[in-house]
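Some notes on the structure that comes next.
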Amino acid sequence: MEKLNPNPQRPNEAHPLMVLLIEDAAADTQLLREALAGQPGLPVELLHADRLSTGLQRLNEGGVDVVLLDLVLPDSQGLETLIKIRHHAPRVPVVVLTASDDEAVAVQALQHGAQDYLVKASVQTSRDLLARSIRYAIERHRVERLKDEFVNTVSHELRTPLSTIQEFTGILFDQISGPLTNEQREYLAIIRSNIERLTRMIDNLLDMARIDAGHAVLKKAVTEAAPFVQQTVQSMRPLAKNKGVELEVRVPDELPPLYADADKVTQVLVNLLSNAIKFTQGPGRVTVTVSEGASDLAFSVADTGVGIAEGDVPKLFEKFSRVQHASGDEGTRGTGLGLAISKRLVELHGGLIGVTSRLGQGSTFTFTLPKYHETELFHELFQAGIEKAKQRQGRFSIVVLSVQNFQELKARHGVAETARLLNEVEAVLRGTVRRRDGGDLVLRWRRGEMVVVLAEADQHGAQAMAQRVRRVLEQRSFTIGSETLHLPFLVVTATYPEEGTTELELLRLTERRLQQPAQVKGRILVVDDEPKIRKLLRQALELQDYDVFTAASGPDALEQLRRQPVDLVLLDLMMPVMDGYEVYHLLKENPKTKEIPVIIVTAKGERKDRQLGINGAAYNYIAKPFEIDSLLAKVREVLVQQLVKP
């Protein structure tokens with residue numbers, strides 16, 4: 001740990017702020033040090049760490065007043081870096097520093113608990129900006145902590161007498177203390193209803209406080225959409241029946257699984273259903289629909305109720321807002337937090353929520369949740385498994401199963417038949433490895449052509465599982481086309497931490513064990529903001545049997561590269577938010593990605609691109625418009641060089 005004195009002229013300032021800068025770039029470290037030097041009224045002792053792990057060690061020692069955090073570090077990248085800092089030191093304010101002016105990333109950082117978000121270039125042009133941000137972060141964090149303490153204290157103080165009231169009301173209502181008249185039972189029913197309402201209000205206040213403070217944690221898991229929608233609707237049927245409202249569910253038979261916090265999504269759905277039933281007079285109808293889009297699942301709750309005035313729609317998702325309805329009242333009074341909480345929970349999942357409504361004709365609330373491609377889901381769960389093993393100081397293994405002659409079978413029987421075959425293999429595997437505690441996950445990897453078990457197991461347990469799986473599968477016969485075959489399987493394992501400490505290390509180990517180097521297929525990331533170009537390149541490359549991932553922006557590309565290894569990047573230069581020049585240089589500055597070759601695919605001239613610093617051994621160039629055959633030839637040339645590396 002290095003201590004940097006930002007102001008050599010004032011080394012003995014009393015009670016300086018302890019500022020921890022976690023930044024690996026020497027030039028940026030010097031810039032920030034100079035920005036803090038000589039700031040009036042802000043004596044600072046600057047601690048410096050060039051890795052997240054070193055920064056976390058210093059935070060554990062205590063005494064840090066504020067953290068200045070770069071999101072791209074040698075051992076951690078993206079919002080995960082912020083999440084780890086918040087987990088280790090939730091009471092220390094964090095100011096995020098970044099090279100890119102990305103509003104979406106800024107919003108996500110603030111949602112995950114950062115107090116401010118500064119672009120490094122702006123610090124260079126306005127030297128007092130960093131000092132103001134530090135002051136603001138500390139003060140805002142102090143106010144938030146006081147607010148949290150107030151809300152928690154008040155809610156606790158309310159819960160205690162509320163529980164007592166609820167308990168004795170139940171004793172009276174059940175006539176344990178003596179018989180009741182009909183009028184007394186009616187009064188007690190009113191009391192119980194208001195107790196439940198007050199309990200919901202307290203819960204909403206606590207939920208909103210946790211979300212605003214960045215303390216809301218999603219416990220994501222693979223979830224089938226149809227079952228939890230059906231269960232949620234079923235739980236609301238008594239309420240709907242009492243209002244004379246019919247509930248209808250429209251869910252397709254086949255939907256992709258969600259990787260989401262089922263409890264939080266259920267909370268959103270319950271809130272929308274409750275509102276729909278509340279503001280629909282019987283006889284009426286509330287319809288719940290789930291539909292699949294290109295990149296997300298859409299959940300809609302439509303009612304035939306009173307509707308919402310057009311002028312009230314924009315403020316509908318604001319905190320403490322209540323709107324006037326067609327009946328002239330404000331409905332059942334509450335905190336006005338339900339829809340605000342729902343909006344925050346949906347956004348934490350990376351989705352959107354909105355409403356269409358006509359006064360007197362009903363409303364339709366719709367929220368979306370992003371679909372996870374098999375590859376994305378695989379990497380997300382793989383990283384979560386490693387992180388869990390780290391926290392528990394345990395073991396985590398990957399068991400990879402491959403049909404040895406899969407490519408031959410696909411050439412002979414076609415894609416549809418081999419896909420059906422792999423689905424059957426996966427089903428057998430799920431039945432073989434399923435455990436009561438749900439600790440093992442069966443997933444698909446490498447465009448779905450390999451079946452993987454992620455297991456909380458050590459090396460011995462993983463190898464025993466691999467032997468059992470192989471024995472079960474090779475004893476079975478499988479039908480493909482008109483043939484009934486006993487298939488040869490190759491099953492390999494890799495275990496954290498003995499055989500690798502990162503996802504990349506473990507995956508590369510399994511690939512070496514599965515295949516000869518000449519058989520390894522290239523993994524290509526296509527980065528282009530134009531959807532048609534992404535689709536064209538993906539289709540052309542997948543026809544050549546490459547694994548293809550796509551990104552619509554520079555930040556999206558960097559986040560994907562953090563999660564999964566690739567062998568080649570096809571990069572467009574002219575993109576909004578972060579252009580290809582910045583993406584290229586960030587790739588080459590990061591030790592984890594600097595060796596990945598890049599093919600520039602752009603309409604800009606090569607000479608100008610080279611003048612801007614894109615050159616060197618890893619540089620390749622294809623000009624738009626291009627011939628597909630020329631592009632494929634360049635891709636093959638680059639990958640041959642890349643895949644023969646040890």
Closest heavy-atom pair, Val355 versus Ser363, reported as atoms and distance to 0.1 Å, is CG2-CB, 4.4 Å
(message) Has Thr368 got a side-chain atom pairing as donor or acceptor with Leu352's backbone, closer than 3.5 angstrom?
(response) yes
Between Ala260 and Thr223 the two heavy atoms that sit nearest each other are O-OG1, 3.8 Å
Note to self: Ignoring hydrogens and geometry beyond distance, is a side-chain donor-acceptor pair present between Thr81 and Ser76 at under 3.5 Å?
What the structure shows: yes
Rounding to 0.5 Å, atoms CG (Asp261) and CG (Leu348) come to a distance of 9.5 Å
Strictly distance-based, threshold 3.5 Å: is any side-chain N or O of Lys371 a donor or acceptor partner for the main-chain N or O of Leu297? no
How about Phe478 and Val425: do any of their side-chain heavy atoms sit closer than 4.5 Å?
yes
In short, Ala455 meets Phe396 closest at the heavy-atom pair O-CD1, 3.4 Å
field: Arg358, CZ: over 12 other non-hydrogen atoms inside 6.0 angstrom
entry: no
CZ of Arg476 to OG1 of Thr432, rounded to nearest 0.5 Å, is 8.5 Å
Fill in: Residues, nucleotides or ligands: over 12 heavy atoms within 6.0 Å of Gln391 CD
yes
So, does Asn271 use its side chain to make a donor-acceptor pair with the main chain of Gly338 at under 3.5 Å?
-> yes
Which word best sums up how the rings of Phe365 and Phe317 line up, parallel for under 30°, tilted for 30 to 60°, or perpendicular for over 60°?
perpendicular
Original post:
Under the 3.5 angstrom rule, does the side chain of Glu559 hit a backbone N or O of Pro555 as a donor-acceptor pair?
Top reply: no
Do Gln564 and Gln560 meet the criterion of a side-chain donor-acceptor pair at a distance under 3.5 Å? yes
Value for CG (Leu345) from OG1 (Thr266), rounded to nearest 0.5 Å, stands at 11.0 Å
Salt bridge (charged side-chain N to carboxylate O under 4.0 Å, His left out) between Glu503 and Arg563: does it pass, once the steps are laid out?
CA-CA 8 Å; Glu503 178 191 17; Arg563 297 198 308 261; over 6 Å; no
Does atom CZ of Arg468 have more than 12 heavy-atom neighbours, drawn from other residues, nucleotides or ligands, at distances under 6.0 Å?
-> yes
Student check: side-chain heavy atoms of Val95 and Tyr117 closer than 4.5 Å: no
When rounded to the nearest 0.5 Å, the distance separating CD1 of Ile191 from CD1 of Ile165 is 9.0 Å
Closest non-hydrogen atoms of Leu247 and Ala240, given as atom of the first, atom of the second and distance, are CG-CB, 3.7 Å
- Determine, step by step, whether Ile85 and Leu52 satisfy the side-chain contact (heavy atoms from CB on, under 4.5 Å) criterion, reporting the C-alpha distance in whole Å, the side-chain angles of both residues, the deciding distance to 0.1 Å, and the verdict. CA-CA 8 Å; Ile85 289 288; Leu52 177 64; 3.6 Å; yes
- Should Arg392 and Glu456 count as side-chain neighbours, where that means a heavy-atom distance under 4.5 Å? yes
Under a 3.5 Å distance rule, please check whether Asp303 uses its side chain to pair with a backbone N or O of Gly362 as donor and acceptor.
no
Side chains of Phe367 and Val265, heavy atoms from C-beta outward: is any pair under 4.5 Å?
yes
Correct closest heavy-atom pair for Ser300 and Thr364 would be CB-CG2, 4.3 Å
message = For a side-chain contact (heavy atoms from CB on, under 4.5 Å) check, start with the C-alpha distance between Arg538 and Arg534, then their side-chain angles and the critical distance, and finish with the verdict.
response = CA-CA 6 Å; Arg538 181 167 197 157; Arg534 294 199 303 273; over 6 Å; no
What one should report as the nearest heavy-atom pair of Ala462 and Thr493 is O-CG2, 3.6 Å
Run the side-chain contact (heavy atoms from CB on, under 4.5 Å) test on Val400 and Leu507 for me, step by step, so that the C-alpha distance in whole Å, both residues' side-chain angles and the decisive distance to 0.1 Å come before the verdict.
CA-CA 10 Å; Val400 183; Leu507 287 181; over 6 Å; no
Output for pair (Phe299 CZ, Ile353 CD1), nearest 0.5 Å, gives 11.5 Å
Quiz item: Should Asn275 and Lys278 count as side-chain neighbours, where that means a heavy-atom distance under 4.5 Å?
Solution: yes
field: Expected output: side-chain Lys241 to main-chain Met236 donor-acceptor under 3.5 Å
entry: no
Working for side-chain contact (heavy atoms from CB on, under 4.5 Å), residues Leu401 and Leu473 = CA-CA 10 Å; Leu401 177 144; Leu473 289 170; 2.9 Å; yes
### Donor-acceptor pair, side chain of Thr280 and main chain of Ile277, under 3.5 angstrom
no
Taken to the nearest 0.5 Å, the spacing of Phe173 CZ from Gln166 CD works out to 13.0 Å
Practice item. Mark yes or no for whether Ser397, through its side chain, and Ala457, through its backbone, hold a donor-acceptor pair below 3.5 Å. Key: yes
task: Check whether any side-chain N or O of Thr501 sits under 3.5 Å from a backbone N or O of Pro497 as a donor-acceptor pair, and report yes or no.
output: no
Query raised in the report: Are Glu498 and Arg395 close enough that some pair of their side-chain heavy atoms sits under 4.5 Å apart?
Result: yes
Side chain Arg523, main chain Pro565, donor-acceptor under 3.5 Å | yes
